[in-house]
Amino acid sequence: MSVRKDITPSAIRRILVANRGEIAIRVMRACRELGIFSIAVFSDADALAPHVAAADMAQRIGPPAPADSYLNVPAILDAARRCGADAIHPGYGFLSENPGFARAVQEAGLVWIGPPPETQEALGNKLAARRAASEAGVPVVPGLLVPLDAQVTPDPAVVGLPMMLKAAAGGGGRGMRLVHTAAELPDAMRAASREARSAFGDGTLYAERVISPARHVEVQLLGDRHGNLACLGERDCSVQRRHQKLVEETPSPAVDGTLRAALFDSARRVAGTVAFHNAATVEFLVDGEGHHYFLEMNTRLQVEHGVTELATGLDIVAWQIRVAAGERLDASVLDVQPRGHAIEVRIYAEDPWDAFRPVAGTITAWQPAEGPGIRMDHAVVEGPLTPEYDPLLAKLMVHAQDRPAAVDRLRRALDETLVGGLQTDLGFHRWLVDQPEFVSGDYHTGLIGERWGDGPALASDETRLSALAAVEGRRSAAATRDGAWAQPEATTPWSRTGRQEAVRRWPG
Amino acid sequence: MSVRKDITPSAIRRILVANRGEIAIRVMRACRELGIFSIAVFSDADALAPHVAAADMAQRIGPPAPADSYLNVPAILDAARRCGADAIHPGYGFLSENPGFARAVQEAGLVWIGPPPETQEALGNKLAARRAASEAGVPVVPGLLVPLDAQVTPDPAVVGLPMMLKAAAGGGGRGMRLVHTAAELPDAMRAASREARSAFGDGTLYAERVISPARHVEVQLLGDRHGNLACLGERDCSVQRRHQKLVEETPSPAVDGTLRAALFDSARRVAGTVAFHNAATVEFLVDGEGHHYFLEMNTRLQVEHGVTELATGLDIVAWQIRVAAGERLDASVLDVQPRGHAIEVRIYAEDPWDAFRPVAGTITAWQPAEGPGIRMDHAVVEGPLTPEYDPLLAKLMVHAQDRPAAVDRLRRALDETLVGGLQTDLGFHRWLVDQPEFVSGDYHTGLIGERWGDGPALASDETRLSALAAVEGRRSAAATRDGAWAQPEATTPWSRTGRQEAVRRWPG
Amino acid sequence: MAGLTVTVAGAHVEPAGEWRLEWLDRRRGIARLSDGQHSLLALVEGSGSEWFVTLHGRRTPVAVMSWRERTLAEARAAAAGEGGPVEIRATLPGLVVAIKVEAGAQVAAGDALLTIEAMKMQNEVRAPRDGTVGQIAVEAGQPVAAGVLLLRLE
Amino acid sequence: MAGLTVTVAGAHVEPAGEWRLEWLDRRRGIARLSDGQHSLLALVEGSGSEWFVTLHGRRTPVAVMSWRERTLAEARAAAAGEGGPVEIRATLPGLVVAIKVEAGAQVAAGDALLTIEAMKMQNEVRAPRDGTVGQIAVEAGQPVAAGVLLLRLE
């Protein structure tokens, strides 16, 4: 596995977090709780970003473009050297699944908080991983086990239709194309291959039959350097747009004891095909009959790790650092039993009524939900967005004693959460929590396409409420200096009077 | 027990919350999650208070003085009538333990979310409760079981010295006096009796021997209208000043399995002496030999209920409402097993370096801790404090997989939490988490008196850091228009430059 | 302030009369709407006649106009109808992936003009109205910053 | 801005030179102090020469004075030392529980003058310096608002 068998917790004293936004802050909080000095890196677009403020120290690594900063391996390693870092945590995205980076980190004599580079290489190729899983006796999605190219096109008679074209080097839904008819195949292959090349520098594709209806269920694993492997439960990530997750929950409403045992067994088999320590996720599709099919394995922290932390009471990031330092997983992890129900919704700066397209703009107001059973991991500040990076603003997580209570808590939290200045997907999430499919838990990956579509039209009562609010806004603003909201409120007594009048106006 | 056996959950649709501050907001969140319309009441001092914003509707009930507003029974019942409330939740403090109010609420045809008035009367008299517990076979603190008066003074030979004088109608540490010598007795009785009269309108006292060293351990109970009684674990509240709790944790580091079973048995016996449904707490002292002694029982929501919610995963306030509506406690409550470790610190506007005296002033900045395992129940807004009311600003709660992780998380959360404009007890809490007694869990109710005293002197390195920060503050402020912090920062580019210079200044 | 007319998506709207609005935070435009039986938070932003109201996470543009503003707006709309030139600019920084039209081509409202890849996804830039393609200011493969002129519609 | 001298609790203090301060939020006065091995947040408030710095939850008054300000301050202190009359006022609204002195009485710095019950607890109001009790403006049992004159010390 690793050459660093000798490592003890004390071997990690200063961690450079090679990421930004909410996940960088999440990692830095774990560092602080472990008594480890944390170092932020930032691009020129992020000089005032929250993750810079959350660290013990911060280093500039380059211009805004990711290639020049958060993907800039030499700049990051140089920052680590200048700051005396002894370990690097990659977060998710950016360089987290880049074996070259992992290798460079280790060659620089630093602890890499992640799996061995060889493991990343083995699993980074989704097609190879698919073959390995199949050989390990794990059911995989029906389709081809060989790469496609302009010559080798997938025979619909063999793969079946509709089929999904996927990038061997892929992930995050990029380089994927859904193909309904043989006629679409050539164009789809070209488009998917181009997208894959631009995203991953490798246009290799493979083909899978489309499982539909299907649920996307993944198993969270945590391994140490001594061969211990903990199974921290499953997550259901079936609410997706563009093959990317929007909502995750644990436990999965679609998984019973029998299926859970089968999923955990398959996950352990897949993990057994590679030398591995760190947090990892094995992803499956589950069809209507409760059969499961291996999709891929990610050996990094997942965006949605928080719901598993809420259900298990464990700090997965702290354990990532501890196993990287050579600690053994103990019974508190190996025997953990999840409790209650946890749901996460991702708050993106994108417009659900415009095909979930990212929106640019400035956040003029931010009011996060608070109170019992709420966790809001975010890096939101009032001010302009940085369109260079992923439009994820925040992750709203709720935990309650059972699923109905969790859904009610999520609805309450969504009603408390306000983002001003631009459209976010909060409008979709607020719609979702009132849908019978979601309330009952009986939904699948087609939910958004089939039930949301382009989004519901504005109801007349909503329109009339918006009109009322806008008129009151203009009336109230007319009392301020420049007739806009930009200014602080004129005087407190003034608005106090305003409130009391409003309250006295009550019928009764 | 109650005449309202017929109640179903649907019987409660609109709850008036007869309280303010963080606890009113806490109750309103439970209402919203249960689909119940919540109604806030506010005094003229609170027209813009956060609890008014957290409700679905708000009603003014009078001038700032508590007697004219939050203790004003007719005004509150009138507000309930005007708003069409069908139930009232009292929170803690104010009218929560006032049988007259409970009776008036029920006579007005409203559901009282609390125990029957008779139960409140029986337990409101701490001396009578002490007698009842003793008769139920529960160990009570050695001392007298009869009321004292100017004639009947407690014989030191019988009670022992030092002894504690307590108000029969008391609670919250008021009307208590520690007596070391017989000579102090007359003055102490006069002072305690006067304080008790002014606080509770009843100067009756009783006497107990002082148990020292002792831990203050309480058991959280939840009962329904059908005779079910759940035991949700214990809380250790031994960090106290003025006999009032500052820090609470669960489980108690001083309680092993045997003692826990004995505490739970005693708690159930005490609860059995009264007709009771709702949340309740039975308080004990535990001495150095692990013997426990009944102190009192409170049949209301406790300030510190949140740590039990974190450890059990249950929503105690939601269950209060559900049992008030006639629901039965199910196995999820009756068989719950606490998990992990939870700690709460109370953030008060008081100066630990000045005998924890309340401070007046204006909050100029508020930055609450966030992230995994943190719950901050608060009602803080930047602006002037309302000195008419309790100086509690916020309750910072942390939850982690074990006590060491919880203490580390608490330290991290304290370092993230900033309150500007006045001194709070955050300085004490930050000191506490580094004390060997607290880190080991081996502390008792004398901790603050013996180890904090008047508080540590300012260390020279702290002084030099404060000097550096103040000089930088003046330098930076000189660049703003009026040389003070009142104004928003000049321009973002300007401070951006500031940051980048600062960062470039780094050695390396 | 009498005589304000409200339009949402071009249609006249009568404000909900049976509901009440209470400001909770005027500076940030946060208010509570309630009819005594239900309540929800509203986030209100804007100035002059251009307002945005967010309810249940949905942000709706609302025009609140005096008689004078309304007449001006109608005049502007008429002018645009006659088809003055329109400048199409990038709304996000990104990469021009493909140009779908040539200078001089006739296009109808909604026709795809070019494709831009931004924030990990490809976006079609479409014609806001019928017209003739004028200058094309970018070429395929070119990175563009937000606000950069892409194409003119005559 | 050269020549600033810093005093904490009346004593001259040399600012920590081996540490650096970075502003994280200038408007709210939030900064990070670090020496490269440790870091902590500082909350900095104030104006002119009067500053308050909160570190690890402890709020310390810090005087940052130019030469001119320092001389003025010293002059003021000297004047106070000679014992001009001092007005003792309530810092919190509360109830006057007891008056411990009579007009004309000689008191030493720290002597209890009266007891006020505020925010659920009794507070002793003590003499800030030696002197003679002048007018007593309140009586036992009287409720007082913050800022109300309680007593004069000649």
Side-chain angles (χ1 to χ4, degrees), chain B residues 172 174 195 198-199 242 353 357-358 360 364-365 367 387-388 390-391 414-431 458 461-478 482-489 495 498-499 502-503 505-507, chain D residues 1 4 6-9 11 13-17 19-34 36 40-65 91-95 97 117-123 143 146:
Chain B
R174 279 170 292 167
E195 199 173 303
S198 81
R242 296 195 297 272
W353 283 273
R357 285 206 173 73
T364 56
Q367 175 178 295
E388 294 82 1
D390 189 75
L414 289 167
D415 285 340
E416 278 186 24
T417 304
L418 299 176
V419 178
L422 41 79
Q423 179 66 60
T424 70
D425 62 357
L426 280 166
F428 166 78
H429 294 309
R430 187 58 183 78
W431 169 87
L458 202 62
D461 56 350
E462 291 176 85
T463 315
R464 296 182 58 240
L465 282 174
S466 299
L468 168 64
V471 167
E472 292 289 339
R474 179 163 188 169
R475 291 216 169 99
S476 197
D482 73 346
W485 276 125
Q487 303 281 337
E489 60 189 75
S495 50
R499 138 159 315 288
V503 174
R505 273 212 314 274
W506 271 110
Chain D
M1 299 291 291
L4 290 175
V6 184
T7 53
V8 174
V13 179
E14 202 48 52
W19 288 63
R20 290 266 175 282
L21 180 137
E22 294 173 78
W23 293 110
L24 304 176
D25 182 340
R26 282 170 189 271
R27 189 179 59 75
R28 295 196 302 160
I30 300 173
R32 168 172 49 219
L33 288 163
S34 179
L40 72 163
L41 291 182
L43 186 59
V44 186
E45 313 160 75
S47 66
S49 63
E50 290 193 358
W51 292 83
F52 295 88
V53 176
T54 304
L55 301 178
H56 282 159
R58 182 170 192 170
R59 190 164 182 264
T60 307
V62 182
V64 183
M65 289 184 286
T91 54
L92 286 171
L95 181 76
V97 175
E117 185 164 324
M119 278 172 155
K120 299 189 190 168
M121 64 174 299
Q122 302 203 343
N123 304 285

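Chain identifiers are assigned alphabetically (A, B, ...) following the order of the sequence lines, protein sequences preceding nucleic acid strands; residue numbering begins at 1 within each chain. On a predicted model such as this, the values are computed, not experimentally measured, just so you know.
Residue B/W431: no heavy atom, backbone or side chain, is found under 4.5 Å from chain D. D/T7 does not touch chain B: none of its heavy atoms, backbone or side chain, sits under 4.5 Å away. Contact of D/V6 with chain B is made through the side chain alone, with heavy-atom distances under 4.5 Å. Using a 4.5 Å cut-off between heavy atoms, B/T364 touches chain D through its side chain atoms alone. Residue B/L414: no heavy atom, backbone or side chain, is found under 4.5 Å from chain D. Only the side chain of D/I30 comes within contact range of chain B, with heavy atoms under 4.5 Å apart.
When all heavy atoms of D/M65 and D/S49 are compared, the closest pair comes out as CG-CB, 3.6 Å. Of all heavy-atom pairs spanning B/A469 and D/V53, the tightest one is CB-CG1, 3.8 Å. The minimum heavy-atom distance linking D/A42 with D/L55 is given by the pair CB-CD2, 3.5 Å.
Under a 4.0 Å N-O distance rule, the pair B/E195/B/R174 does not qualify as a salt bridge.
Contact count versus chain B (heavy atoms, under 4.5 Å) is highest, among D/V64, D/T54, D/V8, for D/V64. Note: B/R430 leads B/R430, B/E462, B/Q367 in heavy-atom pairs under 4.5 Å with chain D. Residue with the most contacts toward chain D among B/G427, B/A199, B/S466: B/S466 (heavy-atom pairs, distance under 4.5 Å). In terms of heavy-atom pairs under 4.5 angstrom with chain D, the leader among B/G420, B/S198, B/A467, B/G421 is B/G421.
How far CZ of D/F52 is from CG of B/L422: 10.5 Å, rounded to the nearest 0.5 Å.
Side-chain contact check for B/R464 versus D/W19: every heavy-atom pair is 4.5 Å or farther apart.
Put simply, the side chain of B/Q423 gets close to the backbone of D/G57: a donor and an acceptor are under 3.5 Å apart.
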